[in-house]
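For clarity, every value in this text was computed on a predicted model and none was experimentally measured. The chains referred to below are lettered A, B, ... by the order of the sequence lines, with proteins before strands, and numbering in each begins at 1.
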Amino acid sequence: MNKGMEKVFVGMSGGVDSSVSALLLLRKGYEVEGVTMLLTDESRENNSAATDAKAVADKLGIRLHICDFRREFYETVITDFAKNYLSGRTPNPCIVCNPNIKFGLMLDYALENGADYIATGHYAVIEHSCDSGAYLLKKSPVSKDQSYFLSRLNQSQLSKSMFPIGCLPKEEVRLLAQNAGLSVAKKSDSQEICFISDNDYAGYISEKFHVSFEKGNFIDENGALLGEHSGIAHYTVGQRKGLGGGFRETMYVKSINAKNNTVTLCGSQGRYTGELTAENMNWISGNSPEEDFEAEVKVRSTAKPARARIYPIDSQCVRVVFDTPQICVSPGQTAAIYLGDTVLGGGIIQ
RNA sequence: AGGGGUGUCGCCAAGCGGUAAGGCAACGGAUUUUGAUUCCGUCAUCCGUAGGUUCAAAUCCUGCCACCCCUG
């Protein structure tokens with residue numbers, strides 16, 4: 001065994017991205033082991049994840065660790081998820097999972113078991129800045145960029161992490177998998193919430209937390225009654241589908257008031273918001289800004305970064321004023337702040 | 001009771017003699033490592049009902065039914 005060889009634990013979900021990440025690290029000469037996390041009892045994560053990951057690990061000839069984080073995942077990610085929906089907000093479980101589970105528990109586990117780094121199949125780039133000594137999180141140059149989901153990581157997490165496929169186009173990743181004879185080469189991309197198999201998140205919350213949703217009123221911006229809603233947890237700001245219809249124009253959710261159990265609806269023009277407040281900010285550099293500055297802000301993972309001015313209120317909180325109003329800004333989602341390609345950090349939209 | 005009005009898909013609504021627009025909803029699919037958004041596709045053999053006129057009616061005529069308004 002080469003004592004100077006650096007050891008990397010790769011988080012292996014059983015998908016193409018993490019599998020190819022492991023493959024590339026092996027080719028670069030790292031000592032590689034895989035880690036598959038058990039996160040829930042019944043999700044499809046576990047159904048195919050463990051077996052697919054095992055098949056890939058065997059094919060690559062690496063050891064696979066199985067980490068049972070079900071209790072912690074439930075206590076952090078799922079509980080937060082339910083709590084948000086029940087209070088009329090829209091949670092973003094991936095953003096919670098990354099710093100706490102993948103780059104939290106899994107990183108700890110890896111370091112405790114002799115790893116120097118962990119790696120994941122995210123499309124993003126980590127750079128080490130020689131002059132400042134800081135680790136920079138940057139956008140992936142490819143369209144799959146997932147830096148948004150990583151905007152709550154910190155220096156110590158980034159310093160121990162690698163994204164081997166961060167700059168590769170998806171097609172190339174699949175090709176690499178295929179050429180290496182990996183069975184998951186053509187496995188479809190994961191989407192939707194990993195712990196809810198049928199995408200019925202409201203039903204999931206209702207069942208898991210033994211709550212029944214209280215019906216309430218749809219109202220317009222003047223407070224006039226428009227109809228009945230089936231419980232605030234079913235809605236998210238900007239939502240169009242599932243409102244029951246019968247309106248003269250397309251209606252969208254403008255806001256959700258948990259206290260009154262009302263959902264306010266608006267027409268298509270009412271969806272734009274000129275500014276927002278983000279709390280619980282994570283600044284990747286570890287230093288929060290003192291003065292206001294120009295930047296770009298992503299209000300959701302699939303949004304184009306929008307030009308805005310950032311006004312720090314305190315180290316945990318900023319006001320973001322957009323150059324042009326943004327559509328469907330939803331409380332509970334993350335606002336990720338970018339300066340060029342660099343992710344400065346992210347906070348939770350209020 | 002008398003006078004007026006209206007009845008077209010779950011909702012809104014065009015059509016005014018030539019063989020059922022459109023919008024909303026719903027459903028299906030694409031996109032998306034969150035929720036949404038967006039995109040594409042499907043969606044009334046039939047126009048309150050029963051007759052009549054016509055080569056041809058949702059569209060004209062008649063009866064009936066329902067709802068709305070006004071007057072007493």
ask   = Taking it one step at a time, do A:Lys160 and A:Asp116 satisfy salt bridge (Lys or Arg N to Asp or Glu O under 4.0 Å)?
value = CA-CA 7 Å; A:Lys160 295 292 179 191; A:Asp116 299 293; over 6 Å; no
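Searching all strands for a Watson-Crick or G-U wobble partner of B:rG51 with both distances below 3.5 Å returns B:rC61. Across all strands shown, B:rU38 forms a Watson-Crick or G-U wobble pair, both distances under 3.5 Å, with B:rA30. For B:rA66, the paired nucleotide is B:rU6, the pair qualifying as Watson-Crick or G-U wobble because both relevant distances are below 3.5 Å. Nucleotide B:rC43: unpaired (no Watson-Crick or G-U wobble partner with both distances less than 3.5 Å). Checking B:rU19 for Watson-Crick or G-U wobble geometry (two distances, each under 3.5 Å) identifies no partner in any strand.
Atom CG of A:Asn92 is separated from atom P of B:rU37 by 16 Å (rounded to the nearest Å). One atom, OH of A:Tyr204, and another, P of B:rU34, lie 17 Å apart when rounded to the nearest Å. For the pair A:Phe247 CZ and B:rG10 P, the interatomic distance rounds to 17 Å; values are reported in whole Å. The NZ-P distance, from A:Lys170 to B:rU31, rounds to 12 Å in whole Å. Nucleotide B:rC11 holds its C1' atom 17 Å from the CD atom of A:Glu228, rounded to whole Å. Per the geometry, CZ belonging to A:Arg152 stands 14 Å off C1' belonging to B:rU34, to the nearest Å. Protein atom CG of A:Leu243 is 18 Å distant from nucleotide atom P of B:rC11, rounded to whole Å. When rounded to the nearest whole Å, the span between CG of A:Leu265 and C1' of B:rC24 equals 12 Å.
With P as the reference atom, B:rG35 and B:rC67 are 47 Å apart, rounded to whole Å. Using C1' as the reference atom, B:rU34 and B:rC43 are 31 Å apart when rounded to the nearest Å. For the C1' atoms, the distance linking B:rG18 with B:rA57 amounts to 9 Å, nearest Å. Spacing between B:rA14 and B:rC46 at atom C1', rounded to whole Å, works out to 16 Å. Using atom C1' as the reference point in both B:rU59 and B:rG17, the two lie 6 Å apart (nearest Å). A gap of 30 Å separates the P atoms of B:rG52 and B:rA1, to the nearest Å. Rounded to the nearest Å, the gap between the C1' atom of B:rA25 and that of B:rC65 is 29 Å. To the nearest whole angstrom, the two C1' atoms, one in B:rC40 and one in B:rG51, are 46 Å apart.
More than 12 heavy atoms of other residues, nucleotides or ligands shown are found within 6.0 angstrom of CD on A:Glu294. Counting non-hydrogen atoms of other residues, nucleotides and ligands closer than 6.0 Å to OH of A:Tyr117 gives a total of 12 or fewer. Open room surrounds NZ on A:Lys59; 12 or fewer heavy atoms of other groups in view lie less than 6.0 Å from it. Atom CD of A:Glu214 sits in a sparse spot, with 12 or fewer heavy atoms from other residues, nucleotides or ligands closer than 6.0 Å.
The listed nucleotides are B:rU33, B:rC24, B:rU34; the one nearest the side chain of A:Lys144 is B:rU33. Nearest to the side-chain atoms of A:Tyr201 among the listed nucleotides B:rU33, B:rU38, B:rA36 stands B:rA36.
Ranked by how close their nearest RNA chain B nucleotide is to the 5' end, A:Gly242 and A:Phe81 are led by A:Gly242. Along RNA chain B, the nucleotide nearest to A:Lys241 and the one nearest to A:Thr250 differ in position, and the one closer to the 5' end is contacted by A:Thr250.
For B:rU38, the OP1/OP2 oxygens have a side-chain nitrogen or oxygen of A:Tyr252 closer than 4.0 Å. The shortest distance between the side-chain N/O atoms of A:Arg271 and the OP1/OP2 oxygens of B:rA36 is not below 4.0 Å. In this model, the phosphate group of B:rU32 is not approached by any side-chain N or O of A:Arg300 to a distance below 4.0 Å at OP1 or OP2. At B:rA36, none of the side-chain N or O atoms of A:Arg240 fall inside 4.0 Å of OP1 or OP2 (strictly under the cut-off).
Within 4.0 Å (heavy atoms only), A:Gln146 reaches at least one base atom of the nucleic acid. Looking at heavy-atom distances under 4.0 Å, A:Cys94 makes contact with sugar-phosphate atoms alone, never a base. Within the nucleic acid shown, A:Pro93 comes within 4.0 Å of sugar-phosphate atoms alone, with no base atom in reach, counting heavy atoms only. When heavy atoms are screened at a 4.0 angstrom cut-off, A:Val96 is found touching no nucleic acid atom at all. Note on A:Tyr235: nothing from the nucleic acid sits closer than 4.0 angstrom, heavy atoms only.
In this structure, A:Ala308 and A:Val320 approach most closely via the heavy-atom pair CB-CG1, 3.7 Å.
Side-chain atoms of A:Ser132 and A:Ser129 form a donor-acceptor pair, as typed in the model, at a separation below 3.5 Å.
One donor-acceptor pair, N or O on each side, does fall under 3.5 Å between the base of B:rG35 and the side chain of A:Thr236. A donor and an acceptor atom never sit less than 3.5 Å apart when one is taken from the side chain of A:Gln239 and the other from the base of B:rU37.
Note: A:Thr90 OG1 to A:Tyr85 OH = 5.0 Å, rounded to the nearest 0.5 Å.
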